[in-house]
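This structure is a prediction, so every number in the text was calculated from the model and none was measured. Numbering starts at 1 and runs along the sequence shown.
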Amino acid sequence: MGSLPVLSSPECAPDGQGPRVAASDLAPLFDAQRRHLDHFFDRLDLKQAAAFAQALLDSPGAVFFTGVGKSGIVALKLAQTLASLGFARAGFLSPVDALHGDIGSVFPGDVLVLLSKSGASDELLALVPCARAKGAQLISLTSAASGADCPLAAACDLNVHLPLQGEVCPFGLAPVTSTAIQMVFGDTVVAAIMEARRLTRDQYASNHPAGKIGKTLIFKVKDVMKKQNELPLCKEGDMIMDQLTELTSKGCGCLLVVDDEYHLIGTFTDGDLRRTLKASGPAIFNLTVGEMCNRNPRTITAYAMAVEAMEKMESPPSPVQFLPVIDNKNVVSGIITLHGSHMHQIVTIAADQAMLAQGGEAGLDLEIHGADADA
């Protein structure tokens, strides 16, 4: 048996004189990677790609992805992405563990997708006859073209050739381009499946209850609104100066003016207070909230999406920082504000998405802490 060479420890270099990477070093590598990716896009057989996508769509059972080394990591990622759509059971099958019992999870009609740059991985070739005996449909994704040098392609029901010009590696060996091609191909096919199945935002959100995706697609107004004792309520006959504590203590920047049955009459904001004090001076002590409130405020329902509330708050003619939440009988059930922790995160996420959609040139016009609270 051969032995690995003993690597000598690198000598410590003086401060600031160790290995460095300059922009001029990166430029030719990125150019080479771009050329390699262009080679892939220009030569990919779209009929093979479509056949692969259709096989995943038509699968009556589960879809398993497998691979060895870096291809295995890509296989795991693609399995998780497909599973997140909720169309079919999808998972990663370790080729080694499969031969030691895990192949028991494969049933007739399942699809097994095998990723391999060379198409000659011993572990995958050993798995093929076992998976076929279980009744699975076998699909290989290889960068080696079908033929004697790609036995995996010959052993499977379908092979998709992922054209590879070369690896961006000093030795042309490390899988730094081939894995990128595998990922781009797999994710693009998944996007095609999403369109073919007409996946809705609600369906997608149901499988992403946490994180950025969940916060923008799952949360409804009722999940993030203030309610009951948190509401800054007053009656229209109340004197303005008697309601200062209610106006400031609830952290909403406003009062919700209601009648005895909690029907919304209007809103009175801290901005209204400043303007009334400036216009009326000492006469403010004789004014009621009802005399100065806004009787046509923007409102939202409890079952609207939180993102919809955010969009409504930042819509023309000027942004606001809160929305009264009412039911179909105009009865107040809550208030939603931009200062709530979840809403602040949703606004930030929506701003990021808007910047991405516009090429990073513009985000939302809403400035959370600078807008007047007027509704």
Main-chain N/O of S116 paired with T142 side-chain donor or acceptor, under 3.5 Å
no
In the structure I gave you, are the side-chain heavy atoms of N159 and H161 within less than 4.5 Å of one another anywhere?
yes
Any residue meeting side chain to side chain contact (heavy atoms under 4.5 Å, CB included) with L29, in chain and number order, not counting sequence neighbours:
V168
Let's go through K312 and E308 carefully: what are the C-alpha distance in whole Å and the side-chain angles of both, what is the deciding distance for salt bridge (charged side-chain N to carboxylate O under 4.0 Å, His left out) to 0.1 Å, and is it a yes or a no?
CA-CA 6 Å; K312 199 167 189 177; E308 180 185 341; 5.8 Å; no
Heavy-atom count check: over 12 atoms from other residues, nucleotides or ligands less than 6.0 Å from D31 CG?
yes
Please report the shortest heavy-atom distance between A75 and G67, naming the atom on each side.
CB-N, 4.1 Å
Going by ring-ring contact (aromatic ring centres under 6.0 Å, His included), name the residues that satisfy it together with F185, two or more places apart in sequence or in a different chain.
F52
For the student: nearest non-hydrogen atoms of K220 and A302, plus distance
CB-O, 4.1 Å
Has R298 got a side-chain atom pairing as donor or acceptor with S315's backbone, closer than 3.5 angstrom?
yes
Report whether L37 and L26 are members of the same hydrophobic cluster (ILVMFWY, side-chain heavy atoms less than 4.5 Å apart, transitive linking).
no
If you define the side chain from C-beta out and look only at heavy atoms, does anything of Q203 sit under 4.5 Å from L199?
yes
Which residue, R43, H36, R35, forms the side-chain hydrogen bond (donor to acceptor under 3.5 Å, both in side chains) with H39?
R43
Minimal heavy-atom distance between F64 and S105, with the atoms involved, is CZ-O, 3.5 Å
Would you say L256 ends up clustered with I240 if hydrophobic residues are merged whenever their side chains have heavy atoms under 4.5 Å apart, either directly or through other cluster members?
no
Closest approach of S71 to L115 (non-hydrogen atoms, all atoms of both residues)
CB-O, 3.6 Å
Heavy atoms, side chains only, cut-off 4.5 Å: are M239 and T288 in contact?
yes
Are D157 and I139 packed together at the side-chain level, in the sense that at least one heavy-atom pair is separated by less than 4.5 angstrom?
no
Do S178 and E167 have side-chain atoms, one donor and one acceptor, less than 3.5 Å apart?
yes
Indicate yes or no: does D187 engage K77 in a salt bridge with an N to O separation below 4.0 Å.
yes
Test item: side-chain donor near acceptor, Q137 and S59, under 3.5 Å:
no
L231 backbone acceptor or donor facing K250 side chain under 3.5 Å:
yes
Side chains of L114 and S121: does their closest heavy-atom pair fall under 4.5 Å?
no
Quick check on D42: does its CG atom have over 12 non-hydrogen neighbours (other residues, nucleotides or ligands) under 6.0 Å away?
yes
What verdict does the side chain to side chain donor-acceptor pair (under 3.5 Å) test give for Q33 and T177, after you've listed the backbone C-alpha separation in whole Å, the side-chain angles of each residue and the deciding distance to 0.1 Å?
CA-CA 7 Å; Q33 189 77 297; T177 302; 2.5 Å; yes
Could you tell me whether a side-chain N or O of N330 sits under 3.5 Å from a main-chain N or O of L264, the two making a donor and an acceptor?
yes
Crowded around K134 NZ? As in, over 12 foreign heavy atoms under 6.0 Å?
yes
Let me see the working for K70 and V74 under side chain to side chain contact (heavy atoms under 4.5 Å, CB included), right down to the final yes or no.
CA-CA 7 Å; K70 306 301 184 294; V74 176; 5.8 Å; no
Tightest non-hydrogen contact, residues R89 and G61, listed as NH2-C, 4.4 Å
After noting the C-alpha distance and the side-chain angles of V289 and K235, does the key distance pass the side chain to side chain contact (heavy atoms under 4.5 Å, CB included) rule?
CA-CA 7 Å; V289 177; K235 303 294 179 62; over 6 Å; no
Linking I/L/V/M/F/W/Y whenever any side-chain heavy atoms sit under 4.5 Å apart, do I73 and F92 land together?
no
On a heavy-atom basis, which atom in A144 and which in S118 lie closest, and how many Å separate them?
CB-O, 3.2 Å
Walk me through whether R197 and L85 qualify under side chain to side chain contact (heavy atoms under 4.5 Å, CB included).
CA-CA 10 Å; R197 286 293 184 92; L85 304 184; over 6 Å; no
Is a side-chain donor-acceptor pair under 3.5 Å present for S94 with D102?
no
